[in-house]
Trainee: 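One structure, as structure tokens, below. Some questions next.
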Amino acid sequence: FNGTINGASWASGKQGQGLSFDGVDDKVTVPHNATLNITNNLSASAWIKAADPGASGGIIVGKHQGGNVNNQRGWIMSATTVSATDSDKLQVVISENGTSSSGNLKIYYSSLPVFDNNWHHVGFTFSSNELKLYIDGVEDINIVKFRDDHVSSINANDEALTIGWHQVDNAATRFFNGIIDEVAIYDQLLTPDQMIGMSDMVSNSTLDRWTFQYEYDGRRRMTEKKV
């Protein structure tokens, strides 16, 4: 898959180079492709280094549009938006039918801060109504379940995959301020051991993966690397 970098610049990442976002208008966009509509057994992760974004709720990565116009919600990983006092936590939103209506949405956020200007490996897994959040390779068993509707599968939408931003009612918003590195998306449920391995920067050759060099390499992982 080919993605487009707008404004973000290469900087020292957790491993090699990552992308630095200014929190104003920097973004990476990967056009919609049906292959990216992973409706179940989804895992996603990234390395981030960023300060508390406050109410702006910086986006890490997602395939999702908020608001009331297009009903194009899917999944998204970001800073917390539902609690002003917890804006330094990791938040994951999953929608079953593309809306935020009753019975169709999960909004979980972590018990631990990750937007504190230190490097953190953040991620989640989702399978048939079970959503787990991971911080630095360890499952957060004390997550806050702000919304916990029964969600059997993730809405398959026609939104772009976005890194460092997303859209609300067709307007670009919630820009990330900091560095994002090693974005990874899997169409399989990663085990706790695999999550630990990723946070330890240990290569696991048993994982099918996409390599995200802003091009598709025929495998099943995405990771930011300079072209």
Trainee: Are any side-chain N or O atoms of T80 and backbone N or O atoms of D86, one a donor and one an acceptor, separated by less than 3.5 Å?
Mentor: yes
Trainee: Side chain of N129, backbone of V151: donor and acceptor closer than 3.5 Å?
Mentor: yes
Trainee: Is there a chain of hydrophobic side chains (I, L, V, M, F, W, Y, each step under 4.5 Å between heavy atoms) that links I5 to V61?
Mentor: yes
Trainee: Could you check if a side-chain atom of Q17 sits within less than 4.5 angstrom of a side-chain atom of S12, using non-hydrogen atoms only?
Mentor: no
Trainee: Taking a hydrophobic cluster as the set of Ile, Leu, Val, Met, Phe, Trp and Tyr residues connected by side-chain heavy atoms closer than 4.5 Å, whether directly or through intermediates, do L189 and I38 fall within one such cluster?
Mentor: no
Trainee: For the atom pair CD (Q167) and NZ (K27), what is the distance rounded to the nearest 0.5 Å?
Mentor: 7.0 Å
Trainee: Are any of the side-chain heavy atoms of H120 and L90 separated by less than 4.5 Å?
Mentor: no
Trainee: Among I76, T81, I180, whose side chain to side chain contact (heavy atoms under 4.5 Å, CB included) with I59 holds?
Mentor: I76
Trainee: Looking at CG of L19 and OG of S9, how far apart are the two atoms once the value is rounded to the nearest 0.5 Å?
Mentor: 7.5 Å
Trainee: Side-chain donor-acceptor pair under 3.5 Å between N104 and S95, yes or no?
Mentor: no
Trainee: Drop me the distance from Q194's CD to Q188's CD, to the nearest 0.5 angstrom.
Mentor: 6.5 Å
Trainee: Evaluate side chain to side chain contact (heavy atoms under 4.5 Å, CB included) for D26 paired with F176, printing each intermediate quantity in order.
Mentor: CA-CA 8 Å; D26 290 355; F176 187 91; over 6 Å; no
Trainee: Between F146 and Y109, how do the two ring planes meet: parallel, tilted or perpendicular, split at 30° and 60°?
Mentor: tilted
Trainee: Does one hydrophobic cluster hold both F126 and L133, with members joined at side-chain heavy-atom distances below 4.5 Å?
Mentor: yes
Trainee: Could you tell me whether the side chain of F175 reaches within less than 4.5 Å of the side chain of D22, counting heavy atoms only?
Mentor: no
Trainee: So do the side chains of D140 and Y108 get within less than 4.5 Å of each other, counting heavy atoms only?
Mentor: no
Trainee: Determine whether F115 and P53 make a side-chain contact, defined as any pair of heavy atoms from C-beta on separated by less than 4.5 Å.
Mentor: yes
Trainee: Report whether I94 and L36 are members of the same hydrophobic cluster (ILVMFWY, side-chain heavy atoms less than 4.5 Å apart, transitive linking).
Mentor: yes
Trainee: Stepwise, does the side chain to side chain donor-acceptor pair (under 3.5 Å) test hold for D136 with S199?
Mentor: CA-CA 6 Å; D136 297 324; S199 70; over 6 Å; no
Trainee: Between E96 and S152 (side chain of the first, backbone of the second, donor and acceptor by atom type, cut-off under 3.5 Å), is there such a pair?
Mentor: yes
Trainee: Could you check if a side-chain atom of N157 sits within less than 4.5 angstrom of a side-chain atom of N37, using non-hydrogen atoms only?
Mentor: yes
Trainee: Judged by atom type as modelled, is there a donor-acceptor pair below 3.5 Å linking the side chain of R174 to the main-chain atoms of S78?
Mentor: no
Trainee: Looking at side-chain heavy atoms only, is the closest gap between M77 and V92 below 4.5 Å?
Mentor: yes
Trainee: Closest approach of S110 and I135, non-hydrogen atoms and distance?
Mentor: CB-CD1, 4.1 Å
Trainee: For a quick check under 3.5 Å, do T191 and D193 share a side-chain donor-acceptor pair by atom type?
Mentor: no
Trainee: Please determine, by modelled atom types, if N40 and S153 share a side-chain donor-acceptor pair under 3.5 angstrom.
Mentor: no
Trainee: For the side chain of K106 and the backbone of D149, is there at least one donor-acceptor N/O pair under 3.5 Å apart?
Mentor: yes
Trainee: Take D88 and D116 through the test side chain to side chain contact (heavy atoms under 4.5 Å, CB included) and record every step on the way to the result.
Mentor: CA-CA 7 Å; D88 60 351; D116 59 3; 5.9 Å; no
Trainee: Answer yes or no: is there a donor N or O on one side and an acceptor on the other, between the side chain of S127 and the main chain of E130, under 3.5 Å?
Mentor: no
Trainee: What are the two closest heavy atoms between S101 and T99, and how far apart are they?
Mentor: OG-OG1, 2.7 Å
Trainee: Sub-3.5 Å donor-acceptor pair from the side chain of R73 to the main-chain atoms of I154, do we have one?
Mentor: no
Trainee: Checking the side chain of D181 only, and the main-chain atoms of K14 only, is there a donor and an acceptor separated by less than 3.5 Å?
Mentor: yes
Trainee: Testing K63, H64, H32 one by one against L161 for a side chain to side chain contact (heavy atoms under 4.5 Å, CB included), which residue passes?
Mentor: K63
Trainee: With side chain to side chain contact (heavy atoms under 4.5 Å, CB included) as the test, would you mind laying out the steps for N97 and N155 before giving the verdict?
Mentor: CA-CA 5 Å; N97 71 351; N155 178 50; 5.6 Å; no
Trainee: Between Y134 and L190, is there a side-chain heavy-atom distance shorter than 4.5 Å?
Mentor: no
Trainee: Once rounded to the nearest 0.5 Å, what's the spacing between atom OG of S45 and atom CE of M195?
Mentor: 5.5 Å
Trainee: Quick one, E182 with Q15, criterion side chain to side chain contact (heavy atoms under 4.5 Å, CB included). Give me CA distance, side-chain angles, the key distance, then yes/no.
Mentor: CA-CA 8 Å; E182 294 292 319; Q15 182 179 22; 4.0 Å; yes
Trainee: Going from CH2 on W119 to CD1 on I48, what distance comes out if it is rounded to the nearest 0.5 angstrom?
Mentor: 9.0 Å
Trainee: Could you state whether I143 and W75 fall into the same hydrophobic cluster, counting links through intermediate Ile, Leu, Val, Met, Phe, Trp or Tyr residues with side-chain heavy atoms under 4.5 angstrom apart?
Mentor: yes
Trainee: At what distance, to the nearest 0.5 angstrom, does NZ of K49 lie from CG of N118?
Mentor: 7.0 Å
